[in-house]
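These notes are about the structure you will find just below.
Computed from a predicted model, the values in this text were never measured in an experiment. Sequence positions, counted from 1, serve as the residue numbers for this chain.
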Amino acid sequence: MPPHPPTQPHGVYDTTLCVEELRDALAAHGITLPSLRVDLPGFAGTYRPPAGLVALGNCNTATARRLLAVLRGRGVLDLDLLAAPEAVPGLRRAVRRHLGEPCADVQLCVTELVANVIRHVGEGVPVRVRVARVDGGRIRVEVTDPDARALPVLLHATGDDEAGRGLALLDAVAVRWGVEQGVAGKTVWCELAEAE
């Protein structure tokens, strides 16, 4: 009996993308499942619609997506990198992938906080970027750098100013923000409402 074609035009693609994201989410928790290494288009195509089966306990795509959402909901994105302009696009993609939904405001805040480190502490400085869902349905963004003295200041830039708008943007989109100073550096953080 030949395999049944998917009822959705992108069924195999959706299944493959879902499993790739599931692999990444599990890997972030130190979990590697050999069953997720099969040829997914071929494997999923042998099963009857509405969705190809994902090789994880023969669950369907909807179940795999729910598992992915649970992993993302409890997971924390922790990245160590060097503050440099060329690192920002990849960082924005990592944040989007981690949250699994459009997150323009979160990406904006991450970009502005890293840009502040580049401008006021120095390019190439090691930073830690942390993005997590916290109580109250908020998303918390933290950027930690090694300079406890270079504190961010909210400026009111004029139309002719070429700089000074980063924290104003962050202040406009964040529910709240602040700075935590430590012995070996500081953490600038902000919290955003989850629904943008």
Does Asp147 offer a backbone N or O that forms a donor-acceptor pair with the side chain of Lys186 under 3.5 Å?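 At least one qualifying donor-acceptor pair exists.
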Quick check: is Leu169 connected to Val106 through a chain of hydrophobic side chains (ILVMFWY, heavy atoms under 4.5 Å apart)?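 Yes, Val106 connects to Leu169 through the hydrophobic network.
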Is there a path from Leu82 to Val129 through hydrophobic residues (I, L, V, M, F, W, Y) whose side chains come within less than 4.5 Å of each other?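 No; Val129 is not reachable from Leu82 via cluster members.
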Indicate yes or no: does Arg92 engage Glu112 in a salt bridge with an N to O separation below 4.0 Å.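 Salt bridge absent between Arg92 and Glu112.
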Search all heavy atoms of [X] against all heavy atoms of [Y] and return the closest pair with its distance.
| X | Y | answer |
| --- | --- | --- |
| Ala87 | Leu81 | CB-CD1, 3.9 Å |
| Val127 | Ala83 | CG1-CB, 4.1 Å |
| Val179 | Trp189 | N-NE1, 3.7 Å |
| Pro89 | Glu86 | CD-O, 3.6 Å |
| Cys103 | Arg96 | SG-CA, 3.6 Å |
| Cys190 | Leu192 | SG-CD1, 3.9 Å |

Under the criterion side-chain contact (heavy atoms from CB on, under 4.5 Å), which of Val143, Leu79, Thr111 is the partner of Leu91?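 Testing Leu91 for a side-chain contact (heavy atoms from CB on, under 4.5 Å) against Val143, Leu79, Thr111 leaves exactly one candidate, Leu79.
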Per the side-chain contact (heavy atoms from CB on, under 4.5 Å) rule, which among Leu113, Asn116, Leu170 passes with Val188? Leu113
Stepwise side-chain contact (heavy atoms from CB on, under 4.5 Å) check, Trp177 with Val141: CA-CA 9 Å; Trp177 67 276; Val141 174; over 6 Å; no
[Y] and [X], any side-chain heavy atoms less than 4.5 Å apart:
| X | Y | answer |
| --- | --- | --- |
| Glu191 | Ile139 | no |
| Glu142 | Glu180 | no |
| Asp80 | Pro126 | no |

Where do Glu101 and Arg133 land on the salt bridge (charged side-chain N to carboxylate O under 4.0 Å, His left out) test, with the steps shown first? CA-CA 13 Å; Glu101 60 193 13; Arg133 286 184 168 89; 3.4 Å; yes
Checking side-chain contact (heavy atoms from CB on, under 4.5 Å) for the pair Arg128/Asp78: CA distance, chi angles, key distance, verdict? CA-CA 7 Å; Arg128 169 164 281 181; Asp78 250 327; 3.6 Å; yes
